[in-house]
Amino acid sequence: MGGLWGLILFLAIVRFSPSPSPNDLEPSPSLALDQEIEDFFESYWKRPIPLQGLPPPSFTEKETSLSPEACGSCHTQQYADWKESLHSKSMGPGPWGQIIDLTHSSPEEAIQCMTCHAPQGEQIPLVAKKTDREKRTYEKNPHFDSKLQLQGITCAACHVRQHQRFGPLKAEGAATTEYPAGMPNHAGVQRTPYFDKAEFCRDCHQFDPENTLLVNGKPLQDTYREWKNSNWGRGEAGCQECHMPNRRHFWKGIHDAEWVRSGVRTEAQIRQSPSNPWGTLEFGVEVINSAVGHKFPTYITPKVFVRAELLDNAGKPLPGTQQERIIGWDARFEEGKWKEYFDTRIPPGGKSQQTFRWTLPPKAKKIRTWVEVHPDHFYHVHFYPTYLKSQNLTQEGRKLIEKALDDSGRTPYILFEKIFPLN
Ligand code: HEC
Ligand code: HEC
Ligand code: HEC
Ligand code: HEC
Ligand code: HEC
């Protein structure tokens with residue numbers, strides 16, 4: 001069984017099914033330009049991406065290759081950036097550990113996972129038998145490349161269709177790359193103004209709200225809409241302006257403390273200090289979404305813990321004084337359905353204001369406050385432990401998920417910390 005993700009996907013991927021339902025065909029009232037963008041992406045982002053077919057005979061071996069290393073031999077900067085990014089790791093132990101078993105138990109679900117995690121036709125081992133419409137049986141894909149499969153979201157997934165390179169309009173000024181004279185150039189580049197549109201990222205970072213499971217009215221993945229309905233989406237900045245500054249291929253996210261600090265500010269202060277011991281101390285902490293282009297955080301997976309405690313003169317915590325608030329979306333799949341516990345995510349431009357109160361013991365001399373980010377909390381605490389209880393995992397799949405469980409416990413970091421003396 002595909003577990004939790006399988007269920008989300010089964011309900012979420014209706015929009016990617018080959019024959020659209022009548023609802024999908026309803027005309028939308030969007031402007032002509034928007035319609036042009038929609039048309040471009042509808043054909044560009046067919047996923048799985050159709051097999052590339054035969055390369056032009058004039059291509060050298062390097063120009064023919066779909067491997068990121070081949071692209072990287074001429075585009076060194078983009079390769080170095082991509083290699084560090086999570087897009088190159090999207091077939092890590094967590095997704096791969098599930099996909100490896102799904103490929104046998106439920107090929108359809110495995111393919112659905114790969115439409116986002118390894119979307120090229122050449123990365124997918126199975127293809128649906130054309131002759132069999134009812135039973136959905138699969139046969140081996142003769143163009144399957146097992147090495148490419150584990151390389152995740154490759155350069156070619158975003159840039160190559162039928163061996164033709166697609167890219168943004170030529171960059172102006174400083175960002176322009178010079179290529180050595182005479183370097184083979186894969187017959188040029190099809191340049192389009194749509195590479196810098198947020199819609200380029202949408203299909204993988206947004207579930208269609210019309211056709212997906214809603215948890216308390218919200219799709220489980222809603223990043224594009226969160227952006228679109230904010231000031232950022234009303235013209236201030238698109239995904240690429242923040243996540244690909246100067247066209248760099250960084251895509252930093254919740255796992256990078258410095259990057260998160262660039263969009264999230266924390267302020268703390270003693271609001272009310274009692275004049276005598278055993279009076280009430282009031283302490284405020286504000287976490288401000290100052291430059292995140294969507295909710296902070298956008299997914300159900302991270303949790304952000306805002307904590308405060310009292311310390312004695314030597315800096316030791318006084319037992320029983322630690323308090324905690326959680327920023328995040330706590331939704332869980334329990335007994336066959338999704339349940340929302342709370343949603344305290346911070347919208348763009350908004351803030352989360354927390355007040356901590358203590359009756360002050362005489363030994364208290366300081367307050368320590370800190371904000372701790374657990375990027376993979378949901379996977380580490382809920383999903384992987386439950387998944388590992390399943391009886392029918394292969395040894396290989398189980399090993400990978402055990403690794404993923406371990407890895408996901410190592411990602412927490414402290415975003416902000418400060419100690420305040422008490423008079
Ligand atoms: C043998 C060297 C070589 C290889 C291999 C190569 N490229 Fe290129 N690429 C070039 C050259 C030269 C240009 C400049 C072409 C032009 O401006 O017409 C270019 C341009 C581009 C551009 C537009 C860049 C710009 O400056 O605006 C993109 C995007 C691109 N390549 C993607 C890829 C991808 C993806 C791969 C791998 C699948 C790849 N290339 C493999 C040499 C290479
Ligand atoms: C997730 C999709 C994605 C992946 C993966 C990806 N790119 Fe890009 N790439 C883009 C987008 C989007 C732009 C344009 C950004 C903009 O206009 O701000 C771009 C721009 C470029 C450019 C033009 C840079 C310039 O200065 O004009 C080159 C060259 C390029 N990519 C090569 C690569 C190579 C090589 C890889 C793999 C190592 C790669 N890309 C992986 C989405 C991707
Ligand atoms: C619509 C695109 C999409 C589909 C389909 C999809 N994912 Fe993901 N997946 C994402 C995105 C985006 C992230 C990163 C955000 C997050 O943490 O949720 C992600 C993150 C993950 C992660 C955590 C990150 C990691 O590398 O450990 C796992 C595990 C995962 N997906 C497994 C799966 C599995 C298994 C399937 C199929 C049952 C699947 N995904 C289908 C888009 C998708
Ligand atoms: C083909 C599908 C696909 C496309 C297109 C795509 N992404 Fe992703 N993206 C993913 C998946 C899957 C992950 C999760 C990788 C993992 O951790 O396993 C991810 C991860 C990320 C992360 C890191 C998330 C974290 O948890 O830190 C950022 C940031 C991101 N993508 C931004 C973008 C932007 C911006 C674009 C458009 C230029 C884009 N993506 C296009 C599928 C995609
Ligand atoms: C104004 C800058 C900005 C814009 C615009 C923006 N982001 Fe982000 N994004 C950030 C910052 C800062 C973070 C780190 C904080 C966080 O994780 O929420 C982030 C985090 C992420 C993550 C990590 C996962 C998570 O739970 O937060 C993903 C995925 C992502 N962005 C995708 C996108 C996509 C897709 C778009 C466009 C629809 C976009 N971003 C627009 C700044 C931006």
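Whatever order the structure lists ligands and atoms in, that order sets their numbers, starting from 1.
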Geometric N/O contact His117 with ligand 3, under 3.5 angstrom: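 Between His117 and ligand 3, an N or O pair is found under 3.5 Å apart.
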Using a 4.0 Å heavy-atom cut-off, which part of His249 comes near ligand 2: side chain, backbone, both, or neither?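 The side chain, only.
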Using a 4.0 Å heavy-atom threshold (strictly under), name the region of Cys155 that reaches ligand 2: side chain, backbone, both or neither.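 Looking at Cys155 and ligand 2, atoms from backbone and side chain both fall under 4.0 Å.
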Test your reading of the structure: does His159 have an N or O sitting under 3.5 Å from an N or O of ligand 2?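 It does: an N or O of His159 is found under 3.5 Å from an N or O of ligand 2.
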List nothing but the number: protein N/O/S atoms under 2.8 Å from atom 8 (Fe) of ligand 4.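 The number of such protein atoms is 2.
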Number the atoms of ligand 2 from 1 as they appear, then name those within less than 4.0 Å of a heavy atom of [X], with their elements.
X: Phe195; value: 11 (C), 12 (C), 13 (C)
X: Thr154; value: 5 (C)
X: His75; value: 29 (C), 35 (C)
X: Gln78; value: 24 (C), 28 (C), 29 (C), 30 (C), 32 (C), 33 (C), 34 (C), 35 (C), 38 (C)

If we set the cut-off at 4.0 Å for heavy atoms, which region of Tyr384 has an atom near ligand 3: side chain, backbone, both, or neither?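 Looking at Tyr384 and ligand 3, just side chain atoms fall under 4.0 Å.
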Quiz question: by atom type and distance under 3.5 Å, do the side chains of His255 and Asp376 form a donor-acceptor pair?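 Judged by distance alone, the side chains do pair up.
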Can you find a side-chain donor-acceptor pair between His374 and Glu372 that sits under 3.5 Å?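 The criterion, which ignores hydrogens and geometry beyond distance, is satisfied for Glu372 and His374.
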Contact with ligand 2 for Leu169, non-hydrogen, under 4.0 angstrom: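 No, Leu169 has no heavy atoms under 4.0 Å from ligand 2.
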So is His255 polar-close to ligand 4, meaning N/O to N/O under 3.5 Å?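 Yes; the residue has a nitrogen or oxygen that sits under 3.5 Å from a nitrogen or oxygen of the ligand.
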Ligand 4 versus Trp45: contacting region, heavy-atom distance under 4.0 Å: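 Within the 4.0 Å criterion, Trp45 contacts ligand 4 through side-chain atoms alone.
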